[in-house]
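A, B, ... follow the sequence lines: proteins, then strands. Residue 1 opens every chain.
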Protein chains: 2
Amino acid sequence: MKEHYEVIKNAFRPLEIGEDRHLEFLEFWEVVEYSKGSFLTESGQVEHYFYVVLEGVQAVYILTPNGDKKVIGFSFDGRFSGIYDSFLKASGSHYFLEALTDSKLLRMNKAQYDSLFELYPEFNEWGRVVHQELLIGRVQREVELITMDAKERFDVFMKRCPEKLLTVPQKYLASYLNMTPETFSRMRKRIS
Amino acid sequence: MKEHYEVIKNAFRPLEIGEDRHLEFLEFWEVVEYSKGSFLTESGQVEHYFYVVLEGVQAVYILTPNGDKKVIGFSFDGRFSGIYDSFLKASGSHYFLEALTDSKLLRMNKAQYDSLFELYPEFNEWGRVVHQELLIGRVQREVELITMDAKERFDVFMKRCPEKLLTVPQKYLASYLNMTPETFSRMRKRIS
DNA sequence: CATATTTCTTGATATAGATCAACGTTTCAA
DNA sequence: TTGAAACGTTGATCTATATCAAGAAATATG
């Protein structure tokens, strides 16, 4: 597990995990692998894990009554993953979490996660700040969905899209931007 | 301030503020009033306060380049209010926070808010949980905006809309549901 | 490597909901 | 209380983007 210390340390920044405790903290994690197309969690299930991504790209999406996937977000190297609301509330998820590429992740279960806050009260501050960041990010996306048309969403997304994400099929990116693959393709063409 | 103890206590649930501390805690707050149509915060300003609403309804919105208001959310009796991201990061806000009715609120400033977490470490847990709830709520709204058409958004909203909100001009509700007042009016008619 | 499957592109058409316009109704301020 | 302003309704259009269709390109699989 030691080889993953840097990844975990970065993921939890700015929290400083004391030198004395980091070996103990590493014990919380286990490595899991998922192959492309497999599901970490499916709709209806409870999310039992909290993840840090080592390799690969994953997507969270919902399935609408007419069967289209609507992508809510992506996760990749060095970031957290999981169906966070289901995990926190230990209640059934409405989402799918799918590995879009072969993936390797670290995970801990709910009991371990909860014990973090008991064992190390300073994690509460980390939790507060991380939730705050996530919240700001979600509101940002909401504003973009509301105020921008397809062209603007495409342009803004492309400007700040990390390379990794461009390796997944375009239909997932299109869905994340709340447009059809056809529209995405036309936005793309427009540039050249 | 003592007369507001119940409101504050409820707002911060499930956090238990120890009997010994609650008088001290009450000292953090001051009462402010805003008349209908006035702004608690305007775009460009930094939000200096964190609010608990005693009376009235407030809306958060952004102004698009073509000058339409896009309502992001409402706050009312017993709930928190403020431009939370600007407040937390002490950076300029892109939002307007407007009193839609005459309003009375409790507020504390950023220094006081920060000191809460230093003086009372148990507030970190409260902060973590509150941010978690807010996050879940925002994702919920995002999913509804993405997956539902105007009719569905209207129906779902009406089913769970608190009475208070129906007193504000319909154009604000329409904007919150990401539709024009005309469309809102037509959705309304459809029912009867 | 070959071919089956999935993804991407391009054009033609359809449609939800926006926009525009005009009028009725409510709210507000003097 | 009254006139002016803001808000709500209704109908006629317009438009961005979805949907449908069909072929081309890429990718996966035996």
Evaluate the ring planes of [X] and [Y], with Trp represented by its six-membered ring, and classify them as parallel (under 30°), tilted (30 to 60°) or perpendicular (over 60°).
X	Y	answer
B:Phe123	B:Phe117	perpendicular
A:His131	A:Tyr84	perpendicular
A:Phe80	A:Phe12	perpendicular
A:Phe154	A:Phe184	perpendicular

Which residues pass the salt bridge (Lys or Arg N to Asp or Glu O under 4.0 Å) test with [X], sequence neighbours left out?
X	answer
A:Arg79	none
A:Glu144	A:Arg160
B:Lys104	none

Output for pair (A:Asn178 CG, A:Ile146 CD1), nearest 0.5 Å, gives 11.5 Å
With sugar-phosphate taken as primed atoms, P, OP1 and OP2 and all else as base, the protein-contact string of nucleotides 13-30 of chain D at under 4.0 Å (heavy atoms; B, S, -) is ----SSBBB------S--
Nucleotides 5-7 of chain C: which of its N/O atoms have a protein N/O under 3.5 Å away?
| unit_1 | atom_1 | unit_2 | atom_2 | d |
| --- | --- | --- | --- | --- |
| C:dT7 | OP1 | A:Lys171 | NZ | 3.2 |
| C:dT7 | OP2 | A:Lys171 | NZ | 2.6 |

Nearest whole Å is fine: how far is [N] [atom2] from [X] [atom1]?
X	N	atom1	atom2	answer
A:Phe184	C:dC8	CZ	P	9 Å
B:Leu173	D:dG8	CG	P	9 Å
B:Glu98	D:dA6	CD	P	13 Å
B:Phe154	C:dG17	CZ	C1'	15 Å

When the rotation axes relating C1' atoms of four end pairs to the next four are compared across the helix from C:dC1-D:dG30 to C:dA30-D:dT1, five pairs an end, they differ to 10° by 60°
Original post:
Can the positive tip of B:Arg107 be found less than 6.0 Å from the middle of the six-membered ring of B:Tyr51, inside 45° of the ring normal?
Top reply: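 Output no; distance or angle outside limits.
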Distance-only, no hydrogens or angles: does the A:Glu98 side chain make a donor-acceptor pair with backbone N or O of A:Leu100 under 3.5 Å?
no
